[in-house]
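Okay, so here's the structure we're looking at.
All values derive from a computational prediction rather than experimental measurement.
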Amino acid sequence: MLKRLVSALLCAVLFAAAAPGAWATEECELGTTERFVEALEEENLFYAYCGVDGMYEIVKIGFDTDKIKDLEMTWFFNTNEKNVIIIWQPFEYDESLYDELLEELNELNKDYSFIKWSAGDDSARIRIEMDLIIRDNENLGEICLGAMARYLDIMNETYERLLPYEA
């Protein structure tokens, strides 16, 4: 029984690796999300389409970067099709280091104007987000991929500064 389960899981992983977007079984409702997903597929990037939740259509993308394993970026496309919020919550922080962490996050906010670092809103997790103003046009996928590349570059540059605060 265990061998069958492991085999099924292995097949699913191989299928997902061979077919980016294979888990996305639903059609996108927004044109903005659809163009982004098309751009991901053109670049052979794996993503998971999560559907609509309230006023957002959600897409998750997983990466391993030079310095970060299992970075899961969540894209929230607003149903007004005018903006998208990109979020990653890397880990829980040590609450006894909260004051020092806030100083570091404020320094990061000062140094990187495209990204917002925060902590302590509704969990003991660091939250890193980027807001992107968009419009639905033929360049949207390229614009989103460019923003994603910049976001990943900044995460690689700054991740080690956050590690001392990990719980």
**Asked** If we only count heavy atoms from C-beta on, is the I134 to K82 side-chain gap below 4.5 Å?
**Response** no
**Request:** Please tell me if the side chains of L30 and F36 come closer than 4.5 Å, counting only heavy atoms from C-beta onward.
**Result:** no
**Item:** side chain to side chain contact (heavy atoms under 4.5 Å, CB included) partners of E42, counting only residues at least two apart
**Value:** none
**side chain to side chain contact (heavy atoms under 4.5 Å, CB included) partners of F91, counting only residues at least two apart** = I126, Y159, L162, L163, E166
Table please: side-chain donor-acceptor pairs of residues 107-115 below 3.5 Å, with sequence neighbours left out.
unit_1: E107; atom_1: OE1; unit_2: K110; atom_2: NZ; d: 3.2
unit_1: N109; atom_1: OD1; unit_2: W117; atom_2: N; d: 2.8
unit_1: N109; atom_1: ND2; unit_2: L105; atom_2: O; d: 3.2
unit_1: N109; atom_1: ND2; unit_2: W117; atom_2: O; d: 3.0
unit_1: Y112; atom_1: OH; unit_2: E157; atom_2: OE1; d: 2.9

**Asked** Is I58 isolated, or which residues cluster with it under the ILVMFWY side-chain rule of less than 4.5 Å, directly or via members?
**Response** M55, Y56, F76, I85, I87
**Listed once per pair and sorted, the side chain to side chain donor-acceptor pair (under 3.5 Å) pairs that draw on residues 58-75, sequence neighbours left out** = T65-N156
**Prompt:** Under a 4.5 Å cut-off applied to non-hydrogen side-chain atoms, are M148 and I86 in contact?
**Reply:** no
**Asked** Which residues satisfy the side chain to side chain contact (heavy atoms under 4.5 Å, CB included) test with L97, sequence neighbours excluded?
**Response** D94, E100, Y165
**Request:** Only counting residues at least two apart or in another chain, list the ones meeting side chain to side chain contact (heavy atoms under 4.5 Å, CB included) with A147.
**Result:** M130, L132
**Request:** With sequence neighbours left out, write down each residue that passes ring pair (Phe, Tyr, Trp, His ring centres under 6.0 Å) with Y98, or none if nothing qualifies.
**Result:** Y93
**Asked** Do E92 and S123 have side chains that get closer than 4.5 Å, going by heavy atoms?
**Response** no
**Request:** Would you give the length of the straight line joining atom CD of E38 to atom SG of C144, rounded to the nearest 0.5 angstrom?
**Result:** 12.0 Å
**Request:** Using a 4.5 Å cut-off on heavy atoms from C-beta on, say whether the side chain of I154 contacts that of I128.
**Result:** no
**Prompt:** Should I133 and V84 be marked as a side chain to side chain contact (heavy atoms under 4.5 Å, CB included) after you check the CA-CA gap, both sets of side-chain angles, and the distance that decides it?
**Reply:** CA-CA 7 Å; I133 306 302; V84 62; over 6 Å; no
**Request:** Identify, with sequence neighbours excluded, every residue that meets side chain to side chain donor-acceptor pair (under 3.5 Å) alongside R161.
**Result:** E104
**Asked** Which heavy atom in G141 sits nearest to a heavy atom in A39, and how many Å separate them?
**Response** CA-CB, 3.6 Å
**Prompt:** Is any side-chain heavy atom of E57 closer than 4.5 Å to a side-chain heavy atom of Y49?
**Reply:** yes
**Complete:** So the salt bridge (charged side-chain N to carboxylate O under 4.0 Å, His left out) pairs with at least one residue in residues 129-147 (sequence neighbours excluded) are R35-D136, K116-E129, R127-E129
**Request:** Find the distance between CD1 (I61) and CD (E43) and round it off to the nearest 0.5 Å.
**Result:** 11.5 Å
**Request:** Answer whether the closest heavy-atom distance between the side chains of E41 and Y47 falls below 4.5 Å.
**Result:** yes
